[in-house]
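In what follows, chains carry the letters A, B, and so on, assigned in the order in which the sequence lines appear, proteins first and then strands, with residues in each chain numbered from 1. Any value given below was found using the heavy atoms of this structure, including those in side chains, with hydrogens, waters and symmetry copies removed.
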Amino acid sequence: MSTVRVRFAPSPTGYLHVGGLRTALYNYLFAKKHGGAFLLRIEDTDRTRYVEGAVENLIRTLGWAGLQFDEGPGVGGDRGPYVQSERLSLYREYAEQLIRDGHAYYAFDTAEELEAMKAEQERQKLTPKYDRRALMLTPSEIEAKRASGTPSVVRLLVPDATTVVIEDVVRGRVEFESAMIDDQVLLKSDGYPTYHLANVVDDHLMGITHVIRGEEWLSSTPKHVLLYRAFGWDLPVFAHLPLLLNPDRSKLSKRQGDVAVEDYMRKGYLPEALLNFIAFLGWNPGDEREIFSLEELVREFTLERVGKSGAVFNSEKLDSVNRQYIKTAPTPRLVEEIGARLTAHGVPVPSEQQLAGVVALMKERVTTLEEFATGCVYLFTDPAGYDEEAARKNWKPETGGWLKDLVPLLRGMEGFTATALEAVVKERAGSLGVGAGKLIHPLRLAVSGTSKGPGLFEMMELLGRDVCVRRIERALAALG
RNA sequence: GGCCUUAUCGUCUAACGGUUUAGGACGCGGCCCUCUCAAGGCCGAAAUACGGGUUCGAUUCCCGUUAAGGCUACCA
């Protein structure tokens, strides 16, 4: 078979949807697996939905995820341009070719006429479909309308009574009766093509061998097949991916949670964790491994193992995957990420060494990068208050006196290390004749303001003697 | 309404006619570990939508029912 060429073809309507990310990922994996090319093509044929900056945003988000494309806006390639609005004359030429060959025709109906037609069909409980009234026009009438500048569209002339068969890699054989297919508009009155025309023309011109896209396109695939036939072009291989679903099993959408990849970026998910998670929504390697790097996914991925049924986007599982990635992520990388997030929160960024200490203490306790900055602020600034329930539970009348006596001991310690601290505290508890917990719990409260968190002695070592003593004294003043 | 697709634990899924007391993961419950919280270890509850076939034998093949979803635009 010829070299694999696949594309991700989003519309620039704002942000990259996680469903789009998965489509992009599968295309990327398939291309890399077969040593082929992964292209990015921008399908901006709907001027009413175009959002300024969306293309840049799409490219940036794809870059964050690590899905580098081989051809596309910004990186070039010899089959460009890769933005459909820059290819308008091409679509017009091909539409005209279709008309010359009798596979398409001009229509001049107004929006009002079409609406009335549709309303009438619905009233009669018929399937809404263009009634081909434009076919009644004589060549001279068409010429006259065109000469007078009457707005027109080009429609596909769907052949009568044929069965369109699609061999889909994930769905198998799917058949459609041409009688059910509408004479789709190919070229709109504003001169822009519809998705159907532009997509087919570009896939052919760009040498796309495999069309891997969401299941929402399955129903319009027969139109595309008809178009390939009308042009006399070879069909690509089709693979329609199962949809990503909301918890209520409808198509994944906003309003029921975050669907923009940027949302996950902002919340502090690692790109490889998101990719790993999303790869498993509709695909699996066939064994029980679940953690895969991008390179490993490339090695293992096959379209044959893509499932058919929709998959609910379960954010709890994502959290679990992200925790696993954070746990094993290299410290310098986490340090960098946390620094940026602390700055964003207006928290003074400590030294890299100090941050590395925070990472060591917290990476097994956080779900997202954001939690490094927001879930353990006591590692950066003195506690503003003390958890009431913890105080009630752990701060007894005698506690103040015990901690007060501990302060000079802490001051006199030679090295302020976790092991030394543990020895000091335990010895003190021993001479007091109480369990170590009687000192440890209130100390934690004094130092961090909460009852949860890293091991007390490790935390105190990281904070250092001055900070710890200061915090204990503040707690004594506040809690007695 | 019509067309198309789908259907295994709550969720993601394994099983490609028999090796299955249907496996794993997330989540949930319990126990262990333990200075708290996590992490980790062990254990547990939890599914083949329903009804017909085909077959010596169906989660697996066929048909129907039901349910869910997608599409039904001069949106993608």
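- One finds a salt bridge joining A/R92 and A/E96 here, because a Lys/Arg side-chain nitrogen approaches an Asp/Glu carboxylate oxygen to under 4.0 Å.
- Atom C1' of nucleotide B/U13 and atom CZ of A/F277 are separated by 12 Å, given to the nearest angstrom.
- Between A/K317 and B/U13 there is no side-chain polar atom (N or O) within less than 4.0 angstrom of OP1 or OP2.
- B/U48 is unpaired under the criterion used here, namely a Watson-Crick or G-U wobble arrangement in which both key atom distances are under 3.5 Å.
- Proximity of A/K188 to the phosphate of B/C75: a side-chain N or O atom is located under 4.0 Å from OP1 or OP2.
- Using the Watson-Crick or G-U wobble rule with both distances under 3.5 Å, B/C16 pairs with nothing in any strand shown.
- Across the C1' atoms, B/A76 and B/A38 are found 45 Å apart, a figure rounded to whole Å.
- The side chain of A/R49 has B/A76 as its nearest neighbour among B/C26, B/A14, B/A76.
- Under the Watson-Crick or G-U wobble criterion, with both distances below 3.5 Å, B/A39 is left unpaired in every strand shown.
- Just one residue in the list A/V259, A/L21, A/N57 forms a side chain to side chain contact (heavy atoms under 4.5 Å, CB included) with A/L16, and that residue is A/L21.
- One atom, CG of A/D319, and another, P of B/C12, lie 16 Å apart when rounded to the nearest Å.
- Separation of the C1' atoms belonging to B/A58 and B/G52 is 14 Å when rounded to the nearest angstrom.
- A/G455 comes within contact range of at least one nucleobase, with a heavy-atom separation under 4.0 Å.
- Residue A/K452 contributes atom NZ, which lies 7 Å from atom C1' of B/C37 at whole-angstrom precision.
- The residue A/R249 sits close only to the backbone: its heavy atoms come under 4.0 Å of sugar-phosphate atoms, none of a base.
- Residue-level contact check: A/Q84 touches neither bases nor backbone, having no heavy atom under 4.0 Å from any strand.
- We find that A/R333 and A/E272 are joined by a salt bridge, their nearest charged nitrogen and carboxylate oxygen being less than 4.0 Å apart.
- Rounding to whole angstrom units, CG of residue A/L244 and C1' of B/G70 are separated by 14 Å.
- For the C1' atoms, the distance linking B/G10 with B/A49 amounts to 15 Å, nearest Å.
- For A/K251, a side-chain nitrogen or oxygen approaches OP1 or OP2 of B/C71 to under 4.0 Å.
- Taking 4.0 angstrom as the limit, A/T45 places a side-chain polar atom (N or O) nearer than this to OP1 or OP2 of B/A76.
- Nucleotide B/A73 holds its P atom 18 Å from the CG atom of A/L197, rounded to whole Å.
- By the 30° and 60° cut-offs, the orientation of the rings of A/W283 relative to A/F292 is perpendicular.
- A distance of about 28 Å separates the C1' atoms of B/U60 and B/C3, rounded to the whole Å.
- At the heavy-atom level, A/S451 lies under 4.0 Å from base atoms of the strands shown.
- Among the heavy atoms of the strands lying under 4.0 Å from A/A311 are primed sugar atoms or P, OP1, OP2 only; no base atom is included.
- Atoms CZ (A/R444) and C1' (B/U34) sit 11 Å apart, rounded to a whole Å.
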Between N or O atoms, less than 3.5 Å apart, protein on one side and nucleotides 4-10 of chain B on the other: list the pairs.
residue	atom	partner	partner atom	Å
B/U5	O2'	A/R171	NH1	2.8
B/U5	O2'	A/E215	OE2	2.9

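- Between A/H196 and A/W217, the two ring planes are perpendicular [angle over 60°; tilted spans 30° to 60°].
- Spacing of P atoms, B/C75 relative to B/U59, comes out at 49 Å, to the nearest Å.
- Note on A/K308 versus A/E215: no salt bridge recorded, every NZ/NE/NH1/NH2 to OD/OE distance being 4.0 Å or above.
- Counting any heavy atom pair closer than 4.0 Å across all strands shown, A/P242 reaches no nucleic acid atom.
- When atom types are taken as modelled, the side chain of A/R444 and the backbone of A/P454 share a donor-acceptor pair closer than 3.5 angstrom.
- Nearest-nucleotide positions on RNA chain B place A/L456 closer to the 5' end than the other of A/L456 and A/L114.
- Residue contacts shown for A/G282 are limited to sugar-phosphate atoms, with no base heavy atom under 4.0 Å away.
- Across the protein-nucleic acid pair, A/E290 atom CD and B/A14 atom P stand 11 Å apart, rounded to whole Å.
- The base-pairing partner of B/A58, taking Watson-Crick or G-U wobble contacts with both distances under 3.5 Å, does not exist among the strands shown.
- One atom, CD of A/E115, and another, C1' of B/A73, lie 11 Å apart when rounded to the nearest Å.
- Pairing partner, B/G1: B/U72, with both Watson-Crick or wobble hydrogen-bond distances short of 3.5 Å.
- Of the possible polar contacts, none joining the A/D258 side chain to the A/Y264 backbone as a donor-acceptor pair under 3.5 Å is found.
- Among the atoms of the strands shown, base atoms are found under 4.0 Å from some heavy atom of A/D109.
- The residue A/R123 sits apart from the nucleic acid: no heavy atom pair falls under 4.0 Å.
- With a 3.5 Å ceiling on both atom-pair distances, the Watson-Crick or G-U wobble partner of B/A7 is B/U66.
- Position along RNA chain B of the nearest nucleotide to A/E43 versus A/K118 favours A/K118 as the more 5'-ward residue.
- None of A/L218, A/V6, A/T221, A/N27 except one satisfies the side chain to side chain contact (heavy atoms under 4.5 Å, CB included) rule with A/R213; the exception is A/T221.
- Between the A/D387 side chain and the A/A390 main chain, a donor and an acceptor come within less than 3.5 Å of each other.
- Using a 4.0 Å cut-off between charged side-chain N and carboxylate O, A/R49 and A/D44 make no salt bridge.
- Separating the C1' atom of B/U8 from that of B/A14 is a span of 10 Å, rounded to the nearest Å.
- Distances shown here put every side-chain N or O of A/R289 at or beyond 4.0 Å from the OP1 or OP2 atom of B/U13.
- Taking atom P in both B/A67 and B/G53, one finds a spacing of 23 Å when rounded to whole Å.
- B/G44 and B/G2 have their C1' atoms separated by 49 Å, given to the nearest Å.
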